[in-house]
Amino acid sequence: AVMHNPPPPPVLPTNQPLPASLETLLEQLLTKQPAERLHNPDIVKLLLKQAEVEQLHRETGPIQPPAPLRTEIVQRAAPAPAERPIEVAKPTRPAPVNKLIESRPPRRILPIAILVAALGLTGFWAYWYFTQESRLSSNPQSVLGATNPSGTANPDKDDVIETTEITDLTVPPAVRQAENLRQKQEQAEAARQRYEQEVASASNQLEAEAYGGKVGFLGGVKGLTVKLVNPTSVAFKAVKVQVDYVKDNGERFKSETMFFMNLTPNGLMIRKAPDSPRGTQFRARVLRADAAPMPDSLAHSILQNS
């Protein structure tokens, strides 16, 4: 019964009838179905005020009450002689509050519209930011303008591409730092590769020469000297040189290994070779050359210039 039966009509202790607006309000507030129940506080307040006016009209006499919300239009009598009072139609029962609620424009449209606009702007900014960062990282030269093959601007051509100038205000600081770091790394890697190529070329230019020495009557070499020449600008921390002792018949008798340490650029080093009891001929050749690491001054200058 509580869940389904409608409540009995409200009655005052004095058995006086309730104002129509108040009766309608109580009926809507006590509706069993929550979806059909009145939830708008503005409507409740309006109906309470209207019920108060109706009760005042009932107690004080014929005072013109305001037209109830969504009620029938008050019909005034036709013009009559001055001695006849104007008859006022009694207000009818107010329309169901559900219809009043439906007639009011929804108030949640504006907040939802603002939220959707904010989300749209945020998504557009995120798309622009990450697209700009990706484009700068992949090809930073593409946003600096078109150049001819000689590397200079060519504004007289008809196919000049209009670009946007990249300044500190258009590029975020994080993007600038990442781009500077990437450029420094690329320059350092390029310098390292150039240095390795220079070392490979310098290793082939090293010259080892065996000279002097005295050959005994029965063969053998004493007092042989080996000279190592570095005509390049690369320093070598260690160079391995092999000295061969050859007999008269061209057969190699033995080989000795010598190490030259800390050979400077454009430097010359001379060392005495081991003596040999056999052999009448001798020769020297470079087996291996280990270059010094790339100078710190070169790496520091690259970072400073970048």
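Atoms considered below: every heavy atom in the structure, side chains included; atoms not considered: hydrogens, waters and symmetry mates. Since the model is a prediction, treat every value here as computed from it, not as a measurement.
A pairwise comparison of heavy atoms in Pro274 and Met258 identifies CD-SD, 4.3 Å as the closest pair. Between Pro172 and Tyr129, the shortest heavy-atom contact is CG-CE1, 3.2 Å. Nearest heavy atom pair, residue Lys32 against residue Ala1, reads NZ-O, 4.3 Å. In terms of heavy atoms, Gln28 sits closest to Glu36 at OE1-O, 3.8 Å. In terms of heavy atoms, Ser255 sits closest to Gln242 at OG-NE2, 3.6 Å.
With respect to the salt-bridge test (charged N to carboxylate O, under 4.0 angstrom), the residues Asp275 and Lys222 do not qualify. Ion pairing between a basic and an acidic side chain is recognised when a charged N comes within 4.0 Å of a carboxylate O; Arg194 and Glu196 show no such pairing.
For Lys45, the NZ atom sits in a loose shell: 12 or fewer heavy atoms of surrounding residues, nucleotides or ligands are nearer than 6.0 Å. Residue Arg271 qualifies as enclosed at atom CZ: its count of foreign heavy atoms under 6.0 Å is above 12. Open room surrounds NZ on Lys237; 12 or fewer heavy atoms of other groups in view lie less than 6.0 Å from it.
Not a single donor-acceptor pair under 3.5 Å links the side chain of Asn180 to the backbone N or O of Lys184. At distances below 3.5 Å, at least one donor-acceptor pair connects side-chain atoms of Thr122 with backbone N or O atoms of Ala118. Distance alone, capped at 3.5 Å, places no donor-acceptor pair between the Arg192 side chain and the Gln187 backbone. Although no hydrogens or angles enter the test, the distance criterion places a donor-acceptor pair under 3.5 Å between the side chain of Arg58 and the main chain of Pro17.
Proximity of Phe260 to Val226: side-chain heavy atoms (C-beta onward) are separated by under 4.5 Å at one or more points. Between Val286 and Lys240, the closest side-chain pair of non-hydrogen atoms is not below 4.5 Å. With a 4.5 Å cut-off on side-chain heavy atoms, Pro277 and Phe253 count as touching. Side chains of Leu47 and Leu22 form no contact here, defined as non-hydrogen atoms less than 4.5 Å apart. In this structure, the side chains of Thr257 and Val241 stay at 4.5 Å or more apart for every pair of heavy atoms.
With hydrophobic clusters built from ILVMFWY side chains whose heavy atoms lie under 4.5 angstrom apart, Val229 does not share a cluster with Met269. Both Leu25 and Leu12 belong to a common hydrophobic cluster when Ile, Leu, Val, Met, Phe, Trp and Tyr are linked at side-chain heavy-atom distances under 4.5 angstrom. A continuous path of ILVMFWY side-chain contacts below 4.5 Å connects Ile43 to Leu18, so both sit in one hydrophobic cluster. In this structure, Leu224 is not a member of the same hydrophobic cluster as Val246, with clusters built from ILVMFWY side-chain heavy atoms closer than 4.5 Å.
Cation-pi geometry between Arg252 and Tyr245 is not satisfied (NZ or CZ under 6.0 Å from the ring centre, within 45° of the ring normal).
Note: Leu181 CG to Arg176 CZ = 14.5 Å, rounded to the nearest 0.5 Å. Distance check, rounded to the nearest 0.5 Å: CG of Leu287 to CG of Leu206 gives 12.0 Å. Here the straight-line distance linking atom CZ of Arg37 with atom CG of Leu30 works out to 8.5 Å at 0.5 Å rounding. Distance check: Thr225 OG1 to Phe282 CZ gives 9.5 Å after rounding to the nearest 0.5 Å. Between the CD atom of Glu251 and the CD atom of Gln281 there is a distance of 12.5 Å, given to the nearest 0.5 Å. A distance of 5.0 Å separates CD1 in Ile270 from CG in Leu268, rounded to the nearest 0.5 Å.
For the residue pair Glu198/Ser233, the side-chain donor-acceptor check at 3.5 Å is satisfied. For the residue pair Ser21/Glu54, the side-chain donor-acceptor check at 3.5 Å is satisfied. Using a 3.5 Å distance cut-off with no hydrogens or angles, the side chains of Glu27 and Thr31 do not pair a donor with an acceptor. Looking only at atom types and distance, the side chain of Gln55 has a donor-acceptor partner in the side chain of Glu59 under 3.5 Å away. Side chains of Glu189 and Gln185: no donor on one and acceptor on the other come within 3.5 Å. Side-chain contact annotation: Gln183 with Glu179, donor-acceptor N/O pair under 3.5 Å present.
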List the steps, then state whether side chain to side chain contact (heavy atoms under 4.5 Å, CB included) holds for Asn230 with Phe236.
CA-CA 9 Å; Asn230 179 17; Phe236 293 89; 3.8 Å; yes

| query | Hey, mind stepping through Ser201 and Gln197 against side chain to side chain donor-acceptor pair (under 3.5 Å) and telling me if it holds? | reply | CA-CA 6 Å; Ser201 176; Gln197 294 175 357; over 6 Å; no

